[in-house]
Amino acid sequence: MSNARPEFLDKGFVENGQKLLKFVMEYHNNIRNFPVRPTPALKPGYLRSILPSKANEQPVDFSSLYSDIVNIILPGIVHWQSPKFHGYFPTGCSYPSLYADIISAAFSCIGFNWSACPIYTELEIVMVDWIAKEMGLAKKFLFEAKLGGGGIIQGSASEAVTVSIIAAREKKISEILANTSQNLTYYEILSKLRAYASDQVHSSVIKAARLSAIRLTIIESESDLRLGGDRLLEHIKKDTNEGLFPFFASTNIGTTNTCAFDDVETIGKICQEHKIWLHADAAYSGVLFFIEEFRKVLPKIDLVQSFAFNPHKLMDICFDCSMLWIEDGNAMKSALGIYPTYLKSDAQDIIEFKDWQVPLGRRFRSLKIYFHIKLLGMEHIRSQIRNYIKLGEYFESLVQKDGRLFIPYPVACGMVCFYLKNSDSLTRYLYKKLIERDIYLTSTEVKGRLLVRFPVGCSKVDKVDLDESWKLISEVLDDVLTGKDY
Ligand SMILES: Cc1ncc(COP(=O)(O)O)c(C=O)c1O
């Protein structure tokens, strides 16, 4: 048995690290050469027959591990950073944010409050304000404004909406309990609370309602997939008349299905009048707020109480990095703040981010934002976003020019959805055939119709890539429509 100190802990560390960084660069440079998804021969559970059934007692050397990356890990990867990937929504991977992940893993602090690691809290406070200003968010969301609001970086938009609904729930219950004319217990009130969202809402909002034991009413969207004020107001009035307590609504600024935008402004006025916490989910298309001319045509969000945006999507930050701004920090603190002696902080008058999130521990995600902005600059970030939008329009023009596929909803933020008119089963077949080819697509169902989704993809995509993707789609379409393959 050997107790020798593995060589990678000493001089090998830098050498091996350099090899890994080189791998990263070559991987990204050559990404177009990889088939975008693993071979169909890989079936669920395949790895069990490849790996030993038991952990090794003795260390292996680095070169053996390195060959595992190539031989075991890579074959199971779906290459989200490939320009052939148009599934779900794209995710970012800028080198500056990758550097930040390396450095923060090296520090490995769990900075849940100021005392646990001051720079985690300090940098996050500044970064959420920087981004809020770049996006033109209302002053009430800036820590700097000292109006009680501010932002936080979480792991996901799902966590963001979960904490928002819980804060709203506790705030509303406290208000009702304080109202002596209502002789109801906490749990009686809880059972009467109602939240609202459209049928286009992301599953994360439905999950958040489940997690917080809240009854969520799903409201049918308009034919253009927007949630307007009228239907929401009808539900609010009906529920109020029945003695229920409407308290929370979630709106979409860019739905996952088709990138539709709710009428947040009108809904905001209704929610304000009925004292309902309004959440806006801009996980994907929140980047549009960075561009002044786009902001002018986006829904006005001044009346929302919470606003979520994922920089790990189109801002090109490595997963995970999800931002949430809230108007009322105290509501969050009252709902989620717990103070056992072992978590006491020396600091006064500073935000304790552990009170604004589900987990206690927190990562140094603000460093990714800091590195990304410092090394790239906002001008470059904005031009990347503009380019993305243009590429979406370019792909739309390819589809329109061809004329065989139909785009039923406006293309927004680089998101193109299409189907074959007059035949849902043919669209299904087309989709089945497309995903057998070297392109990664996902589909969705909207108002009973199957749509193939095509978001532009990662930041590496250029016009030539879109030409290639269209060529492939067009070939499959030829086969399907000429009956050669149907
Ligand atoms: C509009 C929208 N909201 C919420 C989410 C949930 O994102 P997360 O993975 O950050 O929880 C997504 C995911 O793609 C999304 O598209």
Side-chain angles (χ1 to χ4, degrees), residues 78 80 85-93 97 131 135 151-166 195-212 216 218 221 225-227 248-262 264 267 278-289 298-299 301 304 306-325 356-359 362-363 365 368-369 388 392 409 411-417 440-446 451 453-458:
V78 169
W80 283 56
F85 182 88
H86 302 284
Y88 317 103
F89 275 142
T91 190
C93 189
S97 59
I131 299 288
M135 295 176 89
I152 175 171
I153 311 178
Q154 309 215 344
S156 71
S158 306
E159 293 166 65
V161 67
T162 302
V163 294
S164 300
I165 200 168
I166 291 173
Y196 308 89
S198 92
D199 55 10
Q200 299 304 306
V201 75
H202 188 266
S203 64
S204 54
V205 178
I206 299 169
K207 193 185 267 188
R210 276 195 206 163
L211 284 168
S212 51
L216 176 70
I218 297 290
S221 54
L225 307 183
R226 284 152 52 91
L227 177 64
F248 184 87
S250 185
T251 41
N252 305 296
I253 300 185
T255 59
T256 307
N257 281 334
T258 62
C259 207
F261 295 79
D262 290 341
V264 184
I267 293 172
L278 181 59
H279 178 76
D281 175 5
Y284 171 67
S285 52
V287 282
L288 296 177
F289 285 91
L298 285 168
I301 52 167
V304 308
S306 48
F307 174 78
F309 152 60
N310 279 0
H312 69 234
K313 288 190 162 83
L314 298 184
M315 199 181 159
D316 211 20
I317 306 279
C318 289
F319 184 78
D320 54 2
C321 187
S322 180
M323 286 180 144
L324 169 72
W325 287 270
W356 287 32
Q357 62 174 28
V358 175
R362 7 198 20 252
R363 307 185 58 222
R365 298 186 183 101
K368 294 197 265 201
I369 301 272
Y388 188 86
Y409 301 107
V411 169
C413 203
M415 173 72 181
V416 186
C417 292
Y440 201 105
L441 296 163
T442 46
S443 64
T444 192
E445 268 187 59
V446 173
L451 299 177
R453 298 169 73 258
F454 188 100
V456 163
C458 72

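First listed ligand is number 1; within each ligand, the first listed atom is number 1. All residue numbers in this chain count up from 1 along the given sequence.
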List, for ligand 1, each N/O atom that has a protein N/O partner under 3.5 Å away, with both atom names and the distance.
| residue | atom | partner | partner atom | Å |
| --- | --- | --- | --- | --- |
| ligand 1 | 3 (N) | Asp281 | OD1 | 3.2 |
| ligand 1 | 3 (N) | Asp281 | OD2 | 2.5 |
| ligand 1 | 10 (O) | Ala157 | N | 2.7 |
| ligand 1 | 10 (O) | Asn310 | ND2 | 3.0 |
| ligand 1 | 11 (O) | Ala157 | N | 3.4 |
| ligand 1 | 11 (O) | Ser158 | N | 2.9 |
| ligand 1 | 11 (O) | Ser158 | OG | 2.5 |
| ligand 1 | 14 (O) | Lys313 | NZ | 3.1 |
| ligand 1 | 16 (O) | Thr256 | OG1 | 2.8 |

Q) What residues, two or more places apart in sequence or in another chain, satisfy ring-ring contact (aromatic ring centres under 6.0 Å, His included) together with His279? A) none
Q) For Thr258, what residues pass the side chain to side chain contact (heavy atoms under 4.5 Å, CB included) criterion, not counting sequence neighbours? A) Leu225, Thr255, Ala260, Tyr409, Cys417, Val446, Leu451
Q: Hey, can you tell me if Phe307 and Phe289 have their rings parallel, tilted or perpendicular (30° and 60° cut-offs)?
A: perpendicular
Q: Determine, for Lys368 against Asp316, whether the closest basic-nitrogen to carboxylate-oxygen distance falls under 4.0 angstrom.
A: no
Q) Taking only residues two or more places apart in sequence or in another chain, which ones pass ring-ring contact (aromatic ring centres under 6.0 Å, His included) with Phe85? A) Trp80, Tyr440
**Q.** Residues Asp262 and Asn252: side-chain donor-acceptor under 3.5 angstrom
**A.** yes
